[in-house]
Amino acid sequence: MSLARTYLDWNASAPLREEARVAALAALGLTGNASSVHGEGRRARALIEDARESVAALVGADPADVIFTSGGTEANVTALAPQNAGGAGEVAAALVSAVEHPSVLAGGRFPVSAVRRVPVTAQGVVDLDRFARLVAEQRAQAPQAGLLVSVMVANNETGAVQPVAQVAAIARAHGAVVHADAVQAAGKMPLDMAALGADMLSLSAHKIGGPQGAGALVLASPEALKDPLLKGGGQELRRRAGTENVAAIAGFGAAAACAKAEVDALPRIRRLRDALEAAILAEAADAVIFAREAERLPNTTCFAVPGMAAETAVIGLDLAGVAVSAGAACSSGRVQLSHVLAAMGVDPSLAAAAIRVSLGTTTQADDIERFLAVWSALKRQIRERRSAA
Ligand code: PLP
């Protein structure tokens, strides 16, 4: 008999919500292109527009300013384009925090040479003084050039919440355009486009219990997007060409509505996460919890015990039925040292021991107990093996 698994990797992908599954399946059963004027087309269109309203409501935006994409990565690459950076004449530049998702770090459509990284503190939070200096420097070098700043709302590895509103105020004072990747923050903290002060915001359906392969770029105003990524067809008001993935979008809408209604669940998740961290520290006094002094998402912990290699721990936990991540999710199936921890100045040997445990709305105390039981046993085994060697 196989024991049910304990899933503690919600930041990599949240389980599909029942409401999202039902909405997506219902949409899959429909015929019709949402651009067609006949009844079938109009029914598909209605599902997309309903979803647009729910996604807009999640971040306090106008539904007309929501552009559906194939996910967070596409939303980020759509935002990061020289033409979206304003300015005139000179070559536009991008300032991105050093802890961004790889899809932002790569610079989107900016040439690599035009992308500069903004340092973070040892707590994994954008260093505002150094950021202010960098923006001023950039402005002094190219007073008329477009400048785009991209800072995530919360980090996927450590959960550290970034000072986006302060970043935006500084950026704006220098005439820069602001993009915020809210992929991990959505559903885990209240979000308000205007309060953040961002011109563009990225979202991803599968991080809030929607289907994989859907996301959105949300604009503060229709003029914010000057250069769409996919051009051709007239879909999404000519801002993203290609027939819409109606089923995924319908699922995204259902997930967004649930996520908005669920903010009450966050304190319970935070208590479970805090209890987990307290138990880890009680068991391993040398454990390091990353970004612990920063404001963090309530569901995320990233920690390391010196000498307990993340790869060994993640595989051992998996074999015992518990799913967690080693530092960053390994997109190629290979665990690489985290650029986030490196930017925080974490020693590579400690970073190699970092594991991320991320909780969600269905996580219960017995999931945490099971994680702790397996993790403690693994830790003992590793220590015994080392002392025997
Ligand atoms: N941005 C952040 C902060 C993420 O954590 C992720 C996914 O891990 C993405 C963007 C990419 O989103 P998607 O998987 O929808 O392409």
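Both ligands and their constituent atoms are indexed starting at 1 by order of listing. Computed from a predicted model, the values in this text were never measured in an experiment.
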Is there side-chain contact between [X] and [Y], with at least one heavy-atom pair below 4.5 Å?
X    : Y    : value
L47  : I249 : no
R240 : L229 : no
S36  : E40  : no

Query raised in the report: Side chains of S97 and Q162: donor-acceptor distance under 3.5 Å anywhere?
Result: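 The criterion, which ignores hydrogens and geometry beyond distance, is not satisfied for Q162 and S97.
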
Query - Shortest protein contact, atom 4 (C) of ligand 1 (heavy atom only) - result: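 Of every protein heavy atom, H101 CD2, 3.3 Å lies nearest to atom 4 (C) of ligand 1.
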
Query - Minimum-distance protein heavy atom relative to atom 5 (O) of ligand 1 - result: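 For this ligand atom, the closest protein heavy atom is Q184 NE2, 2.9 Å.
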
Report task. Check whether more than 12 heavy atoms from other residues, nucleotides or ligands sit under 6.0 Å from atom CZ of R45, and answer yes or no. Result ->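 Buried by this count: over 12 neighbours within 6.0 Å.
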
Report task. Might you confirm whether atom NZ of K379 has over 12 heavy atoms from other residues, nucleotides or ligands at distances under 6.0 Å? Result ->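 Counting neighbours around NZ of K379, more than 12 heavy atoms of other residues, nucleotides or ligands fall under 6.0 Å, so yes.
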
Hey, are [X] and [Y] close enough for a salt bridge, meaning a charged N less than 4.0 Å from a carboxylate O?
X    : Y    : result
R116 : E137 : yes
E49  : R42  : no
D199 : R172 : yes

Query raised in the report: Does an N or O anywhere in S204 fall below 3.5 Å from an N or O of ligand 1?
Result: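 Looking only at distances, the answer is yes, because the N/O contact criterion of under 3.5 Å is met.
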
Query raised in the report: Does the side chain to side chain contact (heavy atoms under 4.5 Å, CB included) test come out yes or no for R296 and R273, once each step is laid out?
Result: CA-CA 11 Å; R296 281 183 297 159; R273 192 273 313 268; 3.8 Å; yes

[X]: numbered ligand 1 atoms lying under 4.0 Å from its heavy atoms:
X    : result
G71  : 15 (O)
D181 : 1 (N), 2 (C), 3 (C), 10 (C)
M152 : 3 (C)
H206 : 13 (P), 14 (O), 15 (O)
V183 : 1 (N), 2 (C), 4 (C), 6 (C), 9 (C), 10 (C)
N156 : 3 (C), 5 (O)

Proximity of [X] to ligand 1 by residue part, where a heavy atom lies under 4.0 Å:
X    : answer
N155 : neither
T73  : both
E74  : neither
Q212 : neither

Query raised in the report: Hey, looking at atom 13 (P) of ligand 1, which of A12, G72, S103 has the closest heavy atom?
Result: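 Among A12, G72, S103, the closest heavy atom to atom 13 (P) of ligand 1 comes from G72.
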
Report task. May I ask whether K207 places a heavy atom under 4.0 Å from ligand 1? Result ->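 Right, K207 reaches ligand 1.
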
